[in-house]
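This report refers to the structure that appears directly beneath it.
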Amino acid sequence: MNPVDTDEGTPVSVKIRERIQAARKRFHANDNIAEFIQPGELELLLDEVQEKMKGVLGSLVIDTEHDHNTDKTARRVAKMYLKEVFQGRYVPQPAITEFPNAEHLNELMIVGPITVRSACSHHLVPVIGKLWIGVLPNEHTNVIGLSKYARLAEWIMGRPQIQEEAVVQLADLIQRKTQPDGLAIVMEATHFCVGWRGVRDLDSKMINSVMRGSFLKDANLRREFLSLIAQKG
Ligand SMILES: [Zn+2]
């Protein structure tokens with residue numbers, strides 16, 4: 001029995017969307033909507049996406065009934081989107097414990113390279129790369145564990161993204177959590193929508209950065225950060 005059909009015929013995606021709209025929140029591809037999803041609804045959403053995906057395969061004129069390679073593809077793709085590659089839209093932010101800066105750390109700290117696995121909002125094909133985070137703390141800065149930076153990045157990147165927006169979202173999140181004097185993020189990624197389709201250039205990479213606070217004001221600090229990450233490749 002398909003649970004979507006038993007619920008008065010209203011698709012669960014419609015119910016979730018109505019809640020978001022009632023709250024006047026945005027639900028672009030790179031927004032997180034976890035707060036609007038009730039317990040159990042993600043499973044219903046999985047069924048709904050599976051059905052729609054089956055429709056896409058049908059419209060691509062693929063015989064999913066007789067082709068054993070694709071008979072479970074609709075379910076696999078639905079699961080991949082909702083529970084793996086776009087999970088950062090549907091699950092709440094990973095819990096991060098912030099500690100006071102007891103040691104009064106005030107030296108440049110660099111985390112990276114952190115592996116980036118994302119997808120472009122335009123084509124939904126992979127964007128794979130790495131990023132570095134530079135933090136200049138002060139005595140009021142909160143400290144978070146090194147591994148937490150990677151978890152926050154994974155949550156932000158696990159959505160259909162636009163690289164320029166992704167680094168800004170990540171910077172805003174880290175800024176809010178830790179309140180450093182300066183924050184820098186550099187991301188370098190290969191966009192498969194350029195390598196796999198389009199101009200089919202497999203080697204082209206996109207690099208972009210966000211600089212905040214002391215990284216904006218202090219050219220030496222900026223240079224130190226950029227030269228340190230260049231050495232680590
Ligand atoms: Zn693209």
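Read the numbers this way: they start at 1 and go in the same order the structure lists the ligands and their atoms. Predicted, not measured: the structure shown is a model, and the values here were computed from it. We count residues from 1, following the sequence as given.
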If you measure only the distance, is there a donor-acceptor pair under 3.5 Å linking the side chains of [X] and [Y]?
X    : Y    : answer
Q179 : T141 : no
H68  : D71  : no
H28  : E165 : no

Applying side chain to side chain donor-acceptor pair (under 3.5 Å) between H191 and each of K205, H123, Q163, report the one that passes.
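When K205, H123, Q163 are each tested with H191, the side chain to side chain donor-acceptor pair (under 3.5 Å) holds only for Q163.
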
Listing by chain and number, what protein N/O/S atoms are under 2.8 Å from the Zn ion (ligand 1)?
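The answer, once waters are left aside, is C120 SG, H123 ND1, C193 SG.
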
Does any N or O in the side chain of E51 come within less than 3.5 Å of the main-chain N or O of E48, such that one atom is a donor and the other an acceptor?
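Not a single qualifying donor-acceptor pair exists.
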
With a 4.5 Å cut-off on side-chain heavy atoms, are E98 and K177 touching?
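SC-SC contact between K177 and E98 confirmed.
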
